[in-house]
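One structure is given here, and the rest of the page talks about it.
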Protein chains: 2
Amino acid sequence: MSNRRDAVHEILRQSEGFRSAQDVYAEMRAEGAKIGLTTVYRALQALADSGHVDTLRTDDGESVYRACASGDHHHHLVCRRCGRTVEVAGPAVERWAEAVGSEHGFTGITHTVEVFGTCASCSSAAAKPAGVPSRA
Amino acid sequence: MSNRRDAVHEILRQSEGFRSAQDVYAEMRAEGAKIGLTTVYRALQALADSGHVDTLRTDDGESVYRACASGDHHHHLVCRRCGRTVEVAGPAVERWAEAVGSEHGFTGITHTVEVFGTCASCSSAAAKPAGVPSRA
DNA sequence: ACGGTTTTGACAACCGTTTTCATTTGCACG
DNA sequence: CGTGCAAATGAAAACGGTTGTCAAAACCGT
């Protein structure tokens, strides 16, 4: 039954970058899976809660998810064109955040860091129409 | 006429941390201002576009705005308890983002960095439940 | 005052997400 | 095998923030 959840997880595993809930739902339906939007949302939330996937908000307020290679703390370098994502570690940033926080008397520091850019292949294809990765 | 816009800006100026659009709208109405929600949104967008205010998304997808002291690029250290916000500069982070990006062949690097924590007064209030907000 | 343009704001449309709730499924036990 | 029950599912409705629509109001130069 929580077969659905694994299925959702699988979709994310096969994806390069971040996917939205609706996106995942659409793909599953397209593949013939019998699943409801509600369940996709629930699965995604469960996976996020259990730390199996990473989640972040796009600028337009949509939640996007991604199966991460490691459960360790890390950040993302996302191609704003094709959505390809690279996981990056940033010890320097961690330290900086911690330092800047305590410097101002803040405790229990957490932080969100996302880096966006245009990846090599996308920037070289810049003159062309642009691929259609998942969303754009 | 863009009197409304200035009014909205003023509300943000008087605020300590980030405010949501609806929040600003509610306050303005409470103060007796004749303004519509639509206009508040438009003013906020205009201010954000012109760089007069900073904007970010809360975890629940709401957009929040804040009048920033400087138009320069900077980040925020936000108290997750009371919302108090400190603007912080992070040359190290800027460099790191740039480096990590080009390292992977990405161009046109941008980034979002937000640091959250509990500020001194809030954490001391939390540690000592029954009031007695002594040491800072 | 007058036409043309911009701004405004009540209201409806949107859209992603969450809730509701009746139904189905899985499972332990008799 | 049934039976009962709790968890999972999903269709549809509810939600809530944001955006679009469009007619009325405010401006502005003349």
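Order of the sequence lines fixes the chain letters, A, B, ..., with proteins taken first and strands second; residue numbering starts at 1 for each chain.
- Judged as a salt bridge (charged side-chain N to carboxylate O under 4.0 Å, His left out), the pairs with a partner in residues 62-78 of chain B (not counting sequence neighbours) are, in order, Arg66(B)-Glu87(B).
- Taking atom CZ of Phe18(A) as the reference point, atom P of dG16(C) lies 19 Å away to the nearest angstrom.
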Check: residues 48-56 of chain A side-chain donor-acceptor pairs under 3.5 Å, at least two apart:
residue, atom, partner, partner atom, Å
Ser50(A), OG, Ala46(A), O, 3.0
Ser50(A), OG, Leu47(A), O, 3.2
Ser50(A), OG, His52(A), ND1, 2.6
Thr55(A), OG1, Val64(A), O, 3.3

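- Atom C1' of nucleotide dA7(D) and atom CG of Asn3(A) are separated by 15 Å, given to the nearest angstrom.
- With hydrogens and angles disregarded, no donor-acceptor distance shorter than 3.5 Å links the side chain of Thr39(B) to the backbone of Ile35(B).
- Taking the six-membered ring wherever Trp is involved, the centroid distance between the rings of His75(A) and His111(B) does not fall below 6.0 Å.
- Tyr25(A) places its OH atom 14 Å from the P atom of dT17(C), with the value rounded to the nearest Å.
- Residues of residues 53-68 of chain B that place a heavy atom closer than 4.0 Å to DNA chain D, in numerical order, are Glu62(B), Ser63(B).
- At a non-hydrogen distance threshold of 4.0 Å, Lys34(A), Ile35(A), Gly36(A), Thr38(A), Thr39(A), Arg42(A) from residues 31-49 of chain A come into contact with DNA chain D.
- Under the 4.5 Å side-chain criterion, counting only non-hydrogen atoms from C-beta, His76(A) is not in contact with Val86(A).
- Side chains of Thr110(A) and Arg80(B): a donor-acceptor N/O pair is present below 3.5 angstrom, by distance only.
- Partners of Gln14(B) under the side chain to side chain contact (heavy atoms under 4.5 Å, CB included) rule, at least two apart in sequence or in another chain, are Glu10(B).
- The side chain to side chain contact (heavy atoms under 4.5 Å, CB included) test applied to Tyr41(B) returns Ala21(B), Gln22(B), Leu37(B), not counting sequence neighbours.
- The nearest whole Å value for the distance from the CZ atom in Arg4(A) to the C1' atom in dT9(D) is 9 Å.
- Rounded to whole Å, atom C1' of dG26(C) lies 16 Å from atom CZ of Arg5(A).
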